[in-house]
Amino acid sequence: RVERIETVVWQPAGAGDALAMTLQDLSFTGMSLDSLLPVPEGQVARVRAPNLDGVVQVVHCRRDGGEWRALVSIGAGPRA
């Protein structure tokens with residue numbers, strides 16, 4: 001896991017408005033992001049930044065001070 005503070009664009013799959021989030025850390029299997037709004041567990045989204053573009057799924061989202069911390073897995077997609 002590598003700490004990496006960077007602004008990313010969070011685009012939910014299907015309908016939904018994009019959000020600006022702050023990437024806190026990144027590993028091979030997941031990342032944690034801070035947001036002013038909560039994101040629902042299980043939500044699939046595309047995360048984009050200058051050197052990052054991938055599909056993730058929310059594993060957990062909890063309040064952390066005045067923000068929300070989302071823990072997501074990388075490489076998510078619809079499961080049969």
Side-chain angles (χ1 to χ4, degrees):
R1 186 169 81 176
V2 177
E3 286 186 27
R4 183 173 172 158
I5 309 298
E6 182 174 349
T7 299
V8 300
V9 175
W10 175 273
Q11 180 64 58
D17 294 330
L19 297 173
M21 298 178 104
T22 304
L23 175 64
Q24 295 297 324
D25 63 57
L26 176 65
S27 73
F28 286 112
T29 59
M31 61 181 79
S32 64
L33 304 121
D34 287 346
S35 173
L36 295 176
L37 300 172
V39 290
E41 291 181 10
Q43 183 178 67
V44 175
R46 181 177 179 191
V47 174
R48 290 179 290 127
N51 294 313
L52 175 68
D53 189 349
V55 176
V56 300
Q57 184 170 26
V58 180
V59 175
H60 184 72
C61 187
R62 65 175 164 77
R63 194 130 178 80
D64 188 11
E67 296 182 318
W68 292 86
R69 172 71 50 98
L71 306 176
V72 303
S73 62
I74 296 174
R79 291 190 167 82

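Below, all heavy atoms of this structure are taken into account, side chains as well, without hydrogens, waters or symmetry copies. The residues of the chain are indexed from 1 along the displayed sequence. These numbers come from a predicted model, not from an experiment.
Rounded to the nearest 0.5 Å, atoms CG (L71) and CE (M31) are 11.5 Å apart. Interatomic distance, CG of D25 versus CD of E6, reported as 12.5 Å (0.5 Å rounding). The line from OG1 of T7 to CG of L23 is 9.0 Å long, rounded to the nearest 0.5 Å. For the atom pair CD (Q57) and OG (S73), the distance works out to 5.5 Å, reported to the nearest 0.5 Å.
No path of Ile, Leu, Val, Met, Phe, Trp and Tyr side chains, each step under 4.5 Å between heavy atoms, connects W68 with V72, placing them in separate hydrophobic clusters. Residues L33 and L37 share a single hydrophobic cluster, defined by chaining ILVMFWY side chains whose heavy atoms lie under 4.5 Å apart.
Applying the side-chain contact (heavy atoms from CB on, under 4.5 Å) test to D34 and every residue at least two apart in sequence or in another chain returns T22, Q24, E67, R69.
Closest approach of P38 to C61, counting heavy atoms only: CA-SG, 4.0 Å. Nearest approach of S35 to M21, heavy atoms of both residues: CB-CE, 3.2 Å.
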Enumerate, atom names and distances included, each donor-acceptor pair closer than 3.5 Å involving a side-chain atom of residues 39-53, sequence neighbours excluded.
residue, atom, partner, partner atom, Å
E41, OE2, H60, ND1, 3.3
Q43, OE1, W10, NE1, 3.2
R46, NE, D53, OD1, 2.8
R46, NH2, D53, OD1, 3.3
R46, NH2, D53, OD2, 2.6

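By the 4.5 Å heavy-atom criterion applied to side chains, I74 and L26 are counted as neighbours.
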